[in-house]
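Take a look at the structure set out below.
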Amino acid sequence: MGGLVAAQATPAAVAAAQAPRILPAGIHRIAADQTIDGDLQLQPGAVLDIAAGATLRILGEFAAPVARVFTGAGRVDLNHGRTPHAHPEWWGAAPGNGAVDSLPALTACLAAHPILHLLPADYFLSDTWVIERPFVRVSGMGFRGTTAGTGTRLVVTNGTADVLRVGPATRPGTVNDYPQNIVVTGIALCRSAPVAGDSAYPPAGMRAQFLLYARFEELSAAEHGIGFVARGLVRSQMINCVAFRSIPGTRRGAPWRGFFLDGTQAIGLAGGNASLFLTDCNATIGGDPALGDNVGLLLEGAFADSFITNFETAGPATGIRVDGRTAAIGGRARDGHVNLHLHMPVIDQCGAIGIDIRDTSPQALIDILDPYIAAAPSAKAAIQCVAQRGALSIHGGQMVGGTNSRSGGSAAGLLARDSAGVQVTGLKVLEHVAPVQLERCRGFAVQVWVGASRDMGGPAASLRQCSRGSVSLLLCCNAPAYATGVQLDTDSRRLRIDTTGIDDAAIGGGADGRVRIGNRSAAQARSADILIEGA
């Protein structure tokens with residue numbers, strides 16, 4: 001034991017010591033099961049060496065320096081005593097020492113006590129730390145630090161392993177069999193090697209699955225294939241969690257997801273998660289990570305009962321993608337595509353799509369409230385809907401396209417294709433070349449404010465092969481900014497176009513340009529089943 005003075009103590013001697021028991025420096029051997037009813041305090045240099053097959057159970061309070069005090073192959077049980085929390089250093093964790101694998105110590109610590117405290121330091125892991133025990137709390141000392149002593153980091157030392165898996169590897173029989181009440185807070189989840197392995201199953205910062213009443217708060221996940229995976233989380237929360245990527249992996253062009261809410265697997269409930277609350281979370285890309293398809297937040301499959309509040313992205317090509325995969329999940333789509341709420345998302349400088357809604361069922365019910373989306377030069381649209389069926393409502397919100405339009409881009413504000421049930425009220429679209437584009441849509445109602453400070457060239461709203469819908473524009477510009485207010489093709493039917501809010505000074509064609517059907521003004525080509533109001 002490296003120069004320690006050996007103090008041999010039999011099990012009987014340890015058990016017979018008067019409370020509070022104070023053990024001096026030296027090696028104190030436990031050869032058989034022992035239970036200590038009172039408190040036990042170890043002085044600096046004291047070590048308890050527990051033989052294989054033996055368990056030391058302490059029912060009072062255990063106190064020791066934050067250093068290695070347990071050796072041997074035996075077990076320590078602090079679960080039923082008065083010790084407020086345990087330190088993995090007691091089992092040999094070596095914060096700041098990259099030559100020591102702290103994974104065995106973390107595992108032993110959490111088995112011995114339900115509350116584990118980590119220092120503001122780096123803990124290096126050879127493989128994934130798995131937490132399956134219910135009713136535990138793992139707490140670090142900060143999750144945004146980038147230098148030693150400024151936060152707690154778990155660092156996996158390879159490019160293929162997840163840093164942390166919380167929950168069992170396979171789904172338990174019922175939801176009530178899921179591990180309950182696991183809390184993890186204040187930790188940065190990192191790796192010391194570039195992301196490698198199969199891009200179809202990329203390594204994650206945290207993979208949380210099959211949990212009930214879990215809470216993850218103030219966690220960061222840097223330089224992974226996926227920051228956070230949520231699968232089978234029931235009545236659980238992620239609060240102020242951050243995913244970040246800035247360096248390439250071993251395979252250039254690999255995909256990246258900041259957060260992945262996996263609804264592709266059935267868990268016996270409507271969604272792949274149930275009552276999952278994601279609050280104040282962030283996904284950011286910096287540097288040049290050489291990524292392929294990259295998404296800040298991906299909800300895939302059955303996304304029912306998901307509540308996303310104040311989610312923020314900066315840099316990902318797609319901020320939020322909702323991909324219902326209707327055919328893939330079959331009958332689960334009927335109940336699995338309801339009760340999705342995106343409240344006040346902030347999507348800054350999206351490189352492709354701000355919010356992308358795809359392939360939802362006719363029963364889909366989605367609410368988007370007060371989004372803010374700023375389009376980068378390469379962006380295609382602020383909000384895109386493709387094969388959106390059911391009902392999607394967008395209330396309020398701001399779409400800012402100046403960065404895109406000034407660089408020669410042609411991003412749409414709202415772009416909907418082959419979709420139904422799109423309802424928009426109070427949305428503000430600023431400096432977009434194509435504020436509203438609807439193609440092969442039906443059963444929609446769109447009310448949008450459009451503003452621009454210069455000539456954008458095309459129509460403020462265009463509709464192609466659309467039916468049974470309404471469009472109302474508030475088009476207010478100080479100079480002609482759009483060639484036409486609303487442009488319809490000759491295949492569109494049963495539409496109501498309200499031109500009351502279109503300022504003739506904002507369109508190049510004046511009053512004749514408020515609505516055009518084909519290549520003629522509405523006055524010349526009005527169809528019997530297209531109602532134009534406010535002309």
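None of these values were measured; they are calculated from a predicted model. This chain uses plain numbering: 1 for the first residue, then up along the sequence.
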So, do [X] and [Y] sit near enough that their side-chain heavy atoms are less than 4.5 Å apart?
X	Y	value
Q209	D262	no
T185	E218	no
L48	Q34	no
P289	I247	no
P248	P194	no
L116	V136	no
I308	L261	yes
I22	Q43	yes

Donor-acceptor pair, [X] side chain versus [Y] backbone, under 3.5 Å?
X	Y	value
Q180	F135	no
R257	D293	yes
N404	A411	yes
T107	A105	no
W256	F244	no
T128	V163	no
R358	T360	no
N339	A304	no
R231	T264	no
R165	G167	yes

*Under 6.0 Å from the CZ atom of R325, do we count more than 12 heavy atoms belonging to anything else shown?*
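12 or below, so no.
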_A quick test of your reading: do over 12 heavy atoms of other residues, nucleotides or ligands sit less than 6.0 Å from CZ of R251?_
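No - once you tally the heavy atoms of other residues, nucleotides and ligands closer than 6.0 Å, there are 12 at most.
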Smallest separation among heavy atoms of [X] and [Y], with atom names:
X	Y	answer
S126	D101	OG-OD2, 2.6 Å
L119	P95	CD1-CG, 4.2 Å
L164	I131	CD1-CD1, 3.7 Å
R21	G38	NH1-N, 3.8 Å
V195	G225	CG2-N, 3.6 Å
F210	P172	CB-CD, 3.8 Å

Check: residues 274-282 side-chain donor-acceptor pairs under 3.5 Å, at least two apart:
| from | atom 1 | to | atom 2 | distance (Å) |
| --- | --- | --- | --- | --- |
| D280 | OD1 | N310 | ND2 | 2.9 |
| N282 | OD1 | T284 | OG1 | 2.6 |

*Within residues 113-125 or reaching into it, pairs that qualify as salt bridge (charged side-chain N to carboxylate O under 4.0 Å, His left out) - sequence neighbours excluded*: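 Non-adjacent pairs meeting salt bridge (charged side-chain N to carboxylate O under 4.0 Å, His left out): D122-R153.
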*Ignoring hydrogens and angles, state whether a donor on the side chain of N158 or T160 is under 3.5 Å from an acceptor on the partner side chain.*
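On atom types as modelled, these side chains qualify, holding a pair under 3.5 Å.
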*asked:* Is the positively charged end of R235 above the ring of Y178, judged by distance under 6.0 angstrom from the centroid and angle within 45° of the axis?
replied: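 Pair R235/Y178 does not count as cation-pi.
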*Please lay out, stage by stage, how L106 and L118 fare under the test side chain to side chain contact (heavy atoms under 4.5 Å, CB included).*
CA-CA 9 Å; L106 292 167; L118 296 168; 3.7 Å; yes
*Close aromatic pair by centroid cut-off 6.0 Å: F311 and F259*: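 Yes, ring centres under 6.0 Å apart.
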Residue list, ring pair (Phe, Tyr, Trp, His ring centres under 6.0 Å) with [X], at least two apart or on another chain:
X	value
H87	H85, W90
Y123	none
W91	F70
H341	F307, H343

Measuring from atom [atom1] of [X] to atom [atom2] of [Y], what distance do you get when rounded to the nearest 0.5 angstrom?
X	Y	atom1	atom2	result
M206	L219	CE	CG	6.0 Å
C385	D359	SG	CG	12.5 Å
E217	C241	CD	SG	8.0 Å
L299	R321	CG	CZ	11.0 Å
M399	I373	CE	CD1	4.5 Å
F62	L56	CZ	CG	8.0 Å

*Residues L297, T313; criterion side chain to side chain contact (heavy atoms under 4.5 Å, CB included); working and verdict*: CA-CA 9 Å; L297 168 62; T313 70; 5.9 Å; no
*Start with the C-alpha gap between R68 and E89, add the side-chain angles, then the distance that decides, and say whether salt bridge (charged side-chain N to carboxylate O under 4.0 Å, His left out) holds.*
CA-CA 5 Å; R68 183 151 200 177; E89 287 77 7; over 6 Å; no
_Quick one, F143 with N240, criterion side chain to side chain contact (heavy atoms under 4.5 Å, CB included). Give me CA distance, side-chain angles, the key distance, then yes/no._
CA-CA 10 Å; F143 71 114; N240 196 15; 3.8 Å; yes
*Hey, mind stepping through L42 and H28 against side chain to side chain contact (heavy atoms under 4.5 Å, CB included) and telling me if it holds?*
CA-CA 10 Å; L42 303 189; H28 304 270; 5.7 Å; no
